[in-house]
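Notes for the one structure printed next.
Reckoned from all heavy atoms, side chains included, excluding hydrogens, waters and symmetry mates. What you see is a predicted model, and the numbers here were worked out from it, not measured in a lab.
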Amino acid sequence: MVYRVSSVMNEKEIFERICKGDEKALEFLYQKYYRMMTKLVITNSGTEDEARDVYQDALIVFWQKATSGNLVLTSKMSTYIYSICQNLWRKELDRKKRLSSEEKDTSVTLDTESSERETILAKCIDQLGETCKKVLMFYYFEEMSMQDIADKLGFANTDTAKTKKYKCKKKLDELVKAQYSEHDFLD
Amino acid sequence: MASEKDFEILDDYAGNRLNPQERAAFEKQLESDAELKNELSLQREIVEGIKTARKAELKSMLNNVPVSSIPTEGMSVAAKLGLWVIVAGLVSTGLYFYLNQDENSVGQPAITNEIKEENTENTVVDESKPAAEADQTEQPNQETPVQSQPKVAEKQTAESPAPKTSTPATVEEQPAVEPSTLDVFDPSEDAESAEQAAAEEIGPKVATKSSIAVETEVDKRYNFHYQFRDNKLFLYGSFEKNFYEIMEFFSNNKRTMFLYYKDNYYLLSDADQKVKPLSPINDAALLKKLRDYRGN
């Protein structure tokens, strides 16, 4: 019995696509390592939901580092992502341990104002047009270059991307400020 | 009063776009400008909000990606290893009965014994690998003669599971268990034809990189189809470039091929040159085997 596999998917190419912010490549990677990564949490007293959550968070950390150009891979992607999963799960286990020993006293003090602000902010972002949202997300979260943003969103050039980003940010600032002052959140 | 330029720098600062010198200069300016400081905390909040929204978006995107669920929960690797040793024999016996109830089966008692032995060994080796190991399909180029299999297997079992102990032997050991399973699900019953004999020439018992040439084509008539033509596999449809995998199994003078694409497996029959639609394999047992091969 012989088993051959044509790995048409090439690690380097996937990584390059991820660096460019290709979401399809991210989805692909997610599927590829799903079982391997979630197993880590599940075999270390985690539920499948927790495993999925940790894996997704880890992958997003990886994605964010890659898209922002802050990542030079010295190992395989899987090794790298696996180590992020390990760290996140360790932190989560620590957090759980602390919670159960501290009788939850300290964490109950919820900051209602800040959570209200978060809700308002989320609503304001939601009010932006789809392109505006994307430009801002790519700029601030993925930390993509203007060139990559222009490529991804089909803008003519980096100047268009810059202008768009500027205008969208201004619009969001205005929305947020108006809402915050309405709720007396601004000094 | 902060100028428009200040706000621009502020935005770059909040967006992590300043170089170290610019950062330092701006931080100095912040110390003496209360208004700017206020504005910065607001800007940081907004940027955080954007990041949170994006993270949530990515998470919901990933949640919509189909993934294979996990069969075992809450068991340690060691416990599973032990369990596997016990269960391995049962599984292969079960597999035998399973095969035999199918008319297409070619299973014989003699073969079953062989399978049982190998299966036990293989499973032990496989499970002794740490979960950290990257999937097996990434080392398809290495070749190891099968004759050395038992030795390698023993050695691996004896060693404590440390990362990176995976060897090519592991890659090819598993397939030895499978031939009849795959045959069972192979609908191309005319597979014993002369065409298949050619595939055999490519040297037995070596796990290598598949030599199949694959091309993706867009054809209005076919949205998700395939075809074998001129020794090439053509995939019709809007395939994401390079995001598929062809799995080839050789056994009993037969070649069985599968396409892996977007977490689904498809049987590829090269019995003729017709264009055929791709339909995902639903059989849970076969899916599990295929996933095990791919290592995910």
Open item on the list: Can a side-chain donor-acceptor contact be found between A:Thr160 and A:Asn157 if the only test is distance below 3.5 angstrom?
Closed with: yes
Open item on the list: I'd like to know whether the aromatic ring centres of B:Tyr265 and B:Tyr260 sit less than 6.0 Å apart in this structure.
Closed with: yes
Open item on the list: Assess whether a salt bridge exists between B:Glu45 and A:Arg117, defined as any Lys/Arg side-chain N lying under 4.0 Å from an Asp/Glu carboxylate O.
Closed with: yes
Open item on the list: Is B:Glu57 in contact with chain A via its backbone, its side chain, both, or neither, using a 4.5 Å heavy-atom distance?
Closed with: side chain
Open item on the list: Looking only at heavy atoms and a cut-off of under 4.5 Å, which of A:Gln64, A:Met77, A:Met137 has the most pairs with chain B?
Closed with: A:Met137
Open item on the list: At a 4.5 Å cut-off on heavy atoms, which part of B:Asn64 comes close to chain A: side chain, backbone, both, or neither?
Closed with: neither
Task: Salt-bridge criterion met for A:Lys133 and A:Asp126 (N-O under 4.0 Å) - done: yes
Task: Contacting region of A:Ile125 [heavy-atom separation from chain B under 4.5 Å] - done: side chain
- [ ] Please flag which part of A:Glu23 lies under 4.5 Å from any non-hydrogen atom of chain B: side chain, backbone, both or neither.
- [x] both
Task: Ring centroid separation A:Tyr30 to A:Tyr55 under 6.0 Å - done: yes
Open item on the list: Does this structure show an ion pair linking A:Asp49 with A:Arg52, if we count only N-O contacts that are shorter than 4.0 Å?
Closed with: yes
Task: B:Asp270 bridged to B:Lys232 by N-O distance under 4.0 Å - done: no
Task: Gap separating the OG atom of A:Ser68 from the CZ atom of B:Arg17, nearest 0.5 angstrom - done: 9.0 Å
Task: Option that, when pairs with chain B are counted at under 4.5 Å, heavy atom only, ranks first among A:Glu118, A:Glu142, A:Gln86, A:Lys134 - done: A:Glu142
Task: Interface residues of residues 166-175 of chain A facing chain B - heavy atom cut-off under 4.5 Å - done: A:Tyr166, A:Lys169, A:Lys170, A:Leu172, A:Asp173
Task: A:Glu27 portion near chain B, given a 4.5 angstrom heavy-atom threshold - done: both
Task: Test: A:Glu92 and A:Lys97 ion pair at under 4.0 Å - done: no
